[in-house]
Amino acid sequence: MASFCIKSVLISESVDPRCRSILEENGIHVTEKQNMKKEELLAEIKDYDCLVVRSATKVTADVIDAASNLKLIGRAGTGVDNVDVDAATKNGIIVMNTPSGNTISAAELTCALIMSLSRHVPQAAMSMKAGNWDRKKFMGAELYGKVLGIVGLGRIGKEVASRMQSFGMKTIGYDPLTPVEVSASWGVEQMSLEQLWPQCDYITVHTPLMPSTVGLLNDETFAKCKKGVKVVNCARGGIIDEAALLRALESGQCGGAGLDVFVEEPPKDRVLMGHPNVVACPHLGASTKEAQARCGQDIAVQIVDMVNGKNLIGAVNAQGLASAFSQESQELIKFGEAIGAVLQACASSRRPYSNLQVTTQGDCMKLSSGYMASAVLVGLLGNEFATINLINVLNLAKNSGIQVKQTHCTSNGVGGRCEVELLADGCIYKATGSVQSGVPVLLKLSDSVFRQTVALTGNLLFFKATANPQLLSSVAGALATGGVQIESFSAPMNHTGEQWYCVGVSKQLEDLNVLKPLVTGAAQVTI
Ligand code: 9EZ
């Protein structure tokens with residue numbers, strides 16, 4: 001996609017130096033400016049194609065609105081909590097994170113907190129520093145033979161499992177996305193949360209924060225746990241409800257909590273952290289040299305791979321578009337945009353658009369089935385929204401009341417092709433085309449099948465008329481009078497009734513109305 005050409009990157013925080021060098025080795029100009037005030041960032045950001053941040057830069061809607069050239073926001077880290085993803089999506093900006101760079105560090109800190117809870121190491125160390133020698137107070141329990149419940153079995157949950165298995169813990173878990181056989185192959189027995197709660201001596205959460213995971217541990221679920229259960233949250237603040245946790249600690253229902261993350265960071269209310277059975281860290285999950293180095297490198301490699309059309313990894317707001325960034329897709333996207341532009345020209349000022357149906361057919365169109373409707377919409381709506389692209393076009397279409405339907409069917413004899421049907425102000429416009437030898441072509445417009453395929457490039461004039469002996473010469477005459485030369489011509493196969501014709505022309509006709517006495521419909525487009 002031409003619009004994802006990235007030439008300049010602003011790094012607004014301390015990110016591993018390999019990030020800069022990887023970007024520069026790939027011909028991207030990098031500027032590093034740390035500790036900018038908001039006003040400075042607002043002024044600076046407009047010059048760049050891409051912004052790379054860690055956690056300190058708050059990429060709010062006003063920053064995004066000031067960023068007139070921005071195409072990509074990259075976060076060197078897991079999650080995008082400091083980026084307004086909705087505002088970025090509206091502006092057609094991809095938001096990307098590095099989902100795997102922190103995995104080992106987050107898993108290791110989780111294990112450190114589990115061990116701290118079993119042997120009271122932090123409390124004992126504080127007691128020693130305070131001049132005490134208190135051996136009774138810090139009686140612990142072995143992890144060996146105890147049950148660890150792992151809620152969320154992604155990368156981090158899996159690494160926690162293998163580490164705690166080496167301590168002889170039994171690992172059970174739950175995840176809505178990981179198949180039972182997959183987790184079983186790493187020694188984690190999956191079950192429902194209802195079955196899991198009462199079995200656990202320890203529970204650790206490794207889920208994203210979303211409506212279904214806010215307060216996953218709450219008054220109700222704590223009540224289903226073993227008395228004295230110990231819990232760890234190194235994932236996101238709020239997965240364990242903080243007020244319910246404090247109540248469970250006070251009643252003894254919860255025997256201890258290891259917390260690295262909080263609803264508010266830093267937390268103003270210190271009561272929870274002050275509880276003697278709470279071991280808390282100031283969000284240190286990713287705070288290792290190795291994780292920072294990996295995330296810095298990962299974000300640079302991901303940006304370079306995306307720009308080179310090799311791969312799309314870590315994007316959070318370009319779902320279904322991954323295949324659009326491959327080299328093979330560039331022609332298919334151009335085709336979709338071209339056919340959208342043809343329909344836009346044919347529908348002229350007929351509004352509103354109410355329905356768009358895009359049907360891809362055959363193996364060579366399969367790759368595009370995830371984004372073809374978006375590509376067509378970019379061509380169709382391109383004149384109406386200044387900053388339209390594949391990232392934001394589905395949102396724009398939805399907000400304009402256009403129902404979009406996209407289907408793919410395996411080839412039924414015909415080669416790869418794409419049919420598009422547009423309902424505009426009650427009128428149906430249809431176009432069918434494909435990509436032939438790398439060139440987007442139109443095969444059919446409404447019910448007119450072209451005898452020669454129409455290459456969708458340059459200036460095209462379409463007109464609808466009933467065949468008659470004077471038709472072509474009179475149209476040619478009108479074009480000549482307008483100073484327009486004919487470069488190609490495509491006639492319909494069928495000559496009965498009203499049919500569409502296409503003329504490749506040297507430039508657009510200044511006034512289409514000169515064709516009015518000769519034809520029943522006309523449209524022109526430049527691709
Ligand atoms: C939700 C989840 C895990 C969970 C994990 C992931 C999308 N998603 N949801 C509820 N990756 C446990 C309970």
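Read the numbers this way: they start at 1 and go in the same order the structure lists the ligands and their atoms.
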Fill in: Short side-chain donor-acceptor distance under 3.5 Å, S368 and T360
no
Worksheet, complete the sentence: Within 4.0 Å of some non-hydrogen atom of M210, the atoms of ligand 1 are 7 (C), 8 (N), 9 (N)
Worksheet, complete the sentence: for atom 1 (C) of ligand 1, nearest protein heavy atom and its distance come out as T213 CG2, 3.5 Å
Practice prompt. Number the atoms of ligand 1 from 1 as they appear, then name those within less than 4.0 Å of a heavy atom of L177, with their elements.
Written response: 7 (C), 11 (N)
Practice prompt. With heavy atoms of P176 as the reference, note each atom of ligand 1 found under 4.0 Å away.
Written response: 1 (C), 2 (C), 3 (C), 4 (C), 5 (C), 9 (N), 12 (C)
Response to the item:
Atoms of ligand 1 under 4.0 Å from any heavy atom of D175, numbered from 1 in the order shown, are 5 (C)
Worksheet item: By number and element, which atoms of ligand 1 are closer than 4.0 Å to a non-hydrogen atom of V151?
Response: 12 (C)
Fill in: K170 NZ: over 12 foreign heavy atoms closer than 6.0 Å
no
Worksheet item: Regarding T89 and D86, is there a side-chain donor-to-acceptor distance under 3.5 Å anywhere?
Response: no
Practice prompt. Using a strict cut-off of 4.0 Å, indicate which atoms of ligand 1 neighbour a heavy atom of T207.
Written response: 2 (C), 3 (C), 12 (C)
Worksheet item: Out of A235, G154, P208, G173, who gets a non-hydrogen atom closest to atom 5 (C) of ligand 1?
Response: P208
Discussion item. Between R75 and E13, does any side-chain N to carboxylate O distance fall below 4.0 Å?
Written reply: no
Worksheet item: Who's the nearest protein heavy-atom neighbour of atom 13 (C) of ligand 1, and how far?
Response: Y174 CE2, 3.5 Å
Worksheet item: Is a side-chain N or O of Q190 found less than 3.5 angstrom from the main chain of T178, in a donor-acceptor match?
Response: yes
Discussion item. Quiz question: by atom type and distance under 3.5 Å, do the side chains of S8 and H29 form a donor-acceptor pair?
Written reply: no
Worksheet item: Is E384 reaching over with its side chain to a backbone N or O of L381, donor-acceptor style, under 3.5 angstrom?
Response: no
